[in-house]
Amino acid sequence: MAEKRTAKVPLAAYELELLRLQTELVKLQEWVRSEGARVVVIFEGRDAAGKGGTIKRAAEHLNPRVARTVALPKPTERERTQWYFQRYVEHLPAAGEIVLFDRSWYNRAGVEHVMGFCTKEEYQLFLRQCPIFERMLTEEGILLRKYWFSVSDAEQQKRFRRRLKDPTKRWKLSPMDLESITRWEAYSRAKDEMLVHTDISEAPWFVVESDDKRRARLNMIAHLLGSVPYHDVPPPVLELPSRPPSTGYVRPPRDLQTFVPDHAAGL
């Protein structure tokens, strides 16, 4: 049976709806801050599945003091000796905060397991402990949302090729990413096993089809907004004060300061 093809979202419609959703995200942020809520959003998926671009659009207009993105590097030697979830716990939100995990503790169920960076015993322990850990988070009152970005092998290949040619995106492509091409089925099996063990009622997985990046971003943000019972929090009434009259201040001569050269003048 042929795969169903969906037309890409037109750019104009995408930009209009994205702005509307981003405005709602600001309302969600203000609700989180006023209610002292704690929100954790996990972004997982294959390399080049569109996680980073979605996070960028979701956080674009948010206050970084309220909403922060966490993208942890590989663990240090000291962190390797800790309880696996320990390095993630310190990044969980306090009251009035939103945390967006650009990859998360699910590294153990994916890349660490497939690439042999953890033992079979560590992997099995993770699958047993993860549901318990996430139930603890939700019982504590944290609003936990988990999104898996699903990209086809053909689309992933196209995105890898574009990254190879684009100097502004070349840094996104690592030897580990290229290795994932040859281990496509292994990653597929790992994802299926992960869902079996961690798709729990308290913290279910939501799959985002991401071959069309625009559609994926709109669908994911709309779903997040629809899953949180936020409401509009009226902002404080502010009035711009009048400038007071001058008291005689004189700006120092320009030649006493060093200005950035006017690069734009030569364009």
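By convention here, the first residue in the shown sequence is residue 1.
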Any salt bridge between [X] and [Y], counting N to O under 4.0 Å?
X	Y	answer
Glu139	Arg135	no
Arg189	Glu185	yes
Glu30	Lys27	no
Glu17	Arg20	yes
Glu209	Arg215	no

Query raised in the report: Cationic tip of Arg254 within the cone over Phe259's six-membered ring, i.e. under 6.0 Å and within 45° of the normal?
Result: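 Yes; both conditions hold, so Arg254 lies above the ring face of Phe259.
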
Would you call [X] and [Y] a side-chain contact if the rule is heavy atoms closer than 4.5 Å?
X	Y	value
Val41	Met220	yes
Val32	Leu28	yes
Thr198	Phe133	no
Glu193	Tyr123	yes
Val99	Leu92	no
Arg103	Leu72	no
Val40	Leu137	no
Tyr88	Val70	no

How far does [atom1] of [X] sit from [atom2] of [Y], to the nearest 0.5 angstrom?
X	Y	atom1	atom2	value
Thr69	Ile98	OG1	CD1	10.5 Å
Leu127	Glu122	CG	CD	12.0 Å
Trp171	Arg163	CH2	CZ	8.0 Å
Phe101	Asn107	CZ	CG	11.0 Å
Leu18	Arg214	CG	CZ	11.0 Å
His61	Thr23	NE2	OG1	7.0 Å

**Report entry** Test side-chain contact (heavy atoms from CB on, under 4.5 Å) applied to Gln29 and Val233, Val39, Leu62, the passing residue
**Finding:**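 Exactly one pass, corresponding to Leu62.
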
What are the two closest non-hydrogen atoms of [X] and [Y], and how far apart are they?
X	Y	result
Ala109	Ala190	O-CB, 3.6 Å
Pro75	Arg80	O-NH2, 3.5 Å
Pro131	Ile200	O-CD1, 3.8 Å
Ser246	Gly248	OG-N, 3.1 Å
Ala58	Leu25	O-CD1, 3.4 Å
Ser180	Asp47	OG-OD2, 3.4 Å

Side chains of [Y] and [X]: any donor to acceptor distance under 3.5 Å?
X	Y	result
Gln156	Trp184	no
Glu24	Tyr230	yes
Trp105	Glu134	yes
Ser174	Asp177	yes

Requested in this report: Anything under 30° is parallel, anything over 60° is perpendicular, the rest tilted; go ahead and classify Phe126 against Tyr106.
Outcome: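 Plane angle over 60°, so perpendicular.
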
Requested in this report: Indicate the ring-plane relationship of Phe149 and Phe43, choosing parallel, tilted or perpendicular according to the 30° and 60° boundaries.
Outcome: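 Parallel: the ring planes of Phe149 and Phe43 meet at under 30°.
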
Between the main-chain N or O of [Y] and the side-chain N or O of [X], is there a donor-acceptor pair closer than 3.5 Å?
X	Y	result
Arg145	Ser227	yes
Gln86	Glu79	no
Glu44	Lys146	no
Arg217	Arg57	no

Query raised in the report: For Trp83, does the CH2 atom sit with more than 12 other heavy atoms under 6.0 Å from it, leaving out its own atoms?
Result: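 Yes, because the 6.0 Å sphere around CH2 of Trp83 holds more than 12 heavy atoms from other groups.
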
Query raised in the report: So with a 6.0 Å cut-off around NE2 of His263, is the heavy-atom count from everything else above 12?
Result: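 Counting neighbours around NE2 of His263, 12 or fewer heavy atoms of other residues, nucleotides or ligands fall under 6.0 Å, so no.
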
**Report entry** Partner set under side-chain contact (heavy atoms from CB on, under 4.5 Å) for Arg38, not counting sequence neighbours
**Finding:**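 If we apply the side-chain contact (heavy atoms from CB on, under 4.5 Å) test to Arg38, skipping adjacent residues, the hits are Pro93, Glu140, Ile142.
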
**Report entry** Results of side-chain contact (heavy atoms from CB on, under 4.5 Å) for Arg162 - residues two or more places apart only
**Finding:**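 side-chain contact (heavy atoms from CB on, under 4.5 Å) check on Arg162 returns Glu155, Lys158, Arg159.
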
Between [X] and [Y], is there shared hydrophobic-cluster membership here, with clusters defined by ILVMFWY side-chain heavy atoms closer than 4.5 Å?
X	Y	value
Ile55	Val228	yes
Phe160	Leu164	yes
Trp31	Leu225	yes
Ile42	Val207	yes
Met115	Ile181	no

Requested in this report: Using the side-chain contact (heavy atoms from CB on, under 4.5 Å) rule, take Gln129 and Tyr84 through it: C-alpha gap first, then chi angles, then the decisive distance, then the call.
Outcome: CA-CA 10 Å; Gln129 288 188 342; Tyr84 176 71; 5.7 Å; no

Query raised in the report: Sequence neighbours excluded, which residues qualify as salt bridge (Lys or Arg N to Asp or Glu O under 4.0 Å) partners of Asp102?
Result: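 If we apply the salt bridge (Lys or Arg N to Asp or Glu O under 4.0 Å) test to Asp102, skipping adjacent residues, there are no hits.
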
Report task. Decide side-chain contact (heavy atoms from CB on, under 4.5 Å) for Glu35 and His231; before the verdict, give the C-alpha distance in whole Å, the side-chain angles of both, and the deciding distance to 0.1 Å. Result -> CA-CA 10 Å; Glu35 296 292 323; His231 56 78; 3.8 Å; yes

